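One structure below.
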Amino acid sequence: MREVVAGAVISAGRLLLARRTYPPEVAGLWELPGGKVEPGETRGGALERELAEELGIEVAAGEQIGVGVPLREDLSLVALAATLVAGDPRPTEHSAVCWVDADALRQMAAAGELVPADAVWLDDLAGLLT
Ligand code: CDP
């Protein structure tokens, strides 16, 4: 069983989203950025590494947000809150990043612009932004 950890990075009352480029099913949709937890890593350590690699930012990982979401038989997804410590996100693997407030997040979810797994956390995320 492997885990993917995604970060709810909040800065100045806004949530960081990143637009995926692959696989085709989710290309163009927005997600909480993250990646797979490697053997021997903590969830928080994996998130801090992935966001440094993918976006060039330093974050401090915090508590889990919402429920875990099964992605496949052997893969599940968890979200952690994270605070931005340093840097301005510059995507290397994503096509774009944006910062959203609760209203914008809800509008994107209603328009089907979030990756399906992350849409499960809509109320949890909106709650952090109000
Ligand atoms: O790059 P790495 O293989 O470590 O991870 P990834 O490709 O970013 O994510 C692995 C899987 O988790 C993919 O199927 C993503 O679609 C999914 N994922 C997700 O559903 N929501 C996220 N916030 C992050 C990843």
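Ligands are counted one by one from 1 in listed order, and the atoms in each one are counted from 1 as well. All values below come from the heavy atoms of this structure, side chains included, with hydrogens, waters and symmetry mates left out. Predicted model, so just to flag it, every value in this text is computed and none were measured.
The shortest non-hydrogen separation linking L29 to E25 is CD1-O, 4.1 Å. The two residues D101 and L129 have their closest heavy-atom pair at C-CD1, 3.9 Å.
Inclusion of L32 in the set of residues having an N or O under 3.5 Å from an N or O of ligand 1 is warranted. Geometrically, ligand 1 and D118 share a nitrogen or oxygen pair separated by less than 3.5 Å. Between E93 and ligand 1, no N or O atom pair is found at a separation short of 3.5 Å. The shortest N or O to N or O distance between R20 and ligand 1 is below 3.5 Å.
A distance-only check finds no donor-acceptor pair linking the side chain of T21 to the backbone of H94 [under 3.5 Å]. Remark: the backbone N or O of D74 is not paired with any side-chain donor or acceptor of R2 at under 3.5 angstrom. In this structure, D118 contributes its side chain and E31 its backbone to no donor-acceptor pair below 3.5 Å.
Each of E54, E41, E58 was compared with R49 under the salt bridge (Lys or Arg N to Asp or Glu O under 4.0 Å) criterion, and only E41 meets it.
Atoms of ligand 1 found under 4.0 Å from any heavy atom of V4, numbered from 1 in the order shown, are 10 (C), 12 (O), 25 (C).
In terms of protein heavy atoms, atom 12 (O) of ligand 1 is closest to L71 CD1, 3.3 Å. The closest protein non-hydrogen atom to atom 3 (O) of ligand 1 is K36 NZ, 2.7 Å. The shortest contact between atom 7 (O) of ligand 1 and any protein heavy atom is with Y22 OH, 3.0 Å.
Ranked by closest heavy atom to atom 24 (C) of ligand 1, the top entry among E38, E31, E50, E25 is E31. The closest heavy-atom contact to atom 5 (O) of ligand 1, among the options A6, A46, A117, G35, comes from G35.
Residues W99 and M108 fall into different hydrophobic clusters, defined by Ile, Leu, Val, Met, Phe, Trp and Tyr side chains chained together at heavy-atom separations under 4.5 Å. Both W30 and I10 sit in one connected hydrophobic cluster of ILVMFWY residues. Membership requires side-chain heavy atoms under 4.5 Å apart, directly or through other members.
Less than 4.0 angstrom separates atom 14 (O) of ligand 1 from none of the non-hydrogen atoms of the protein.
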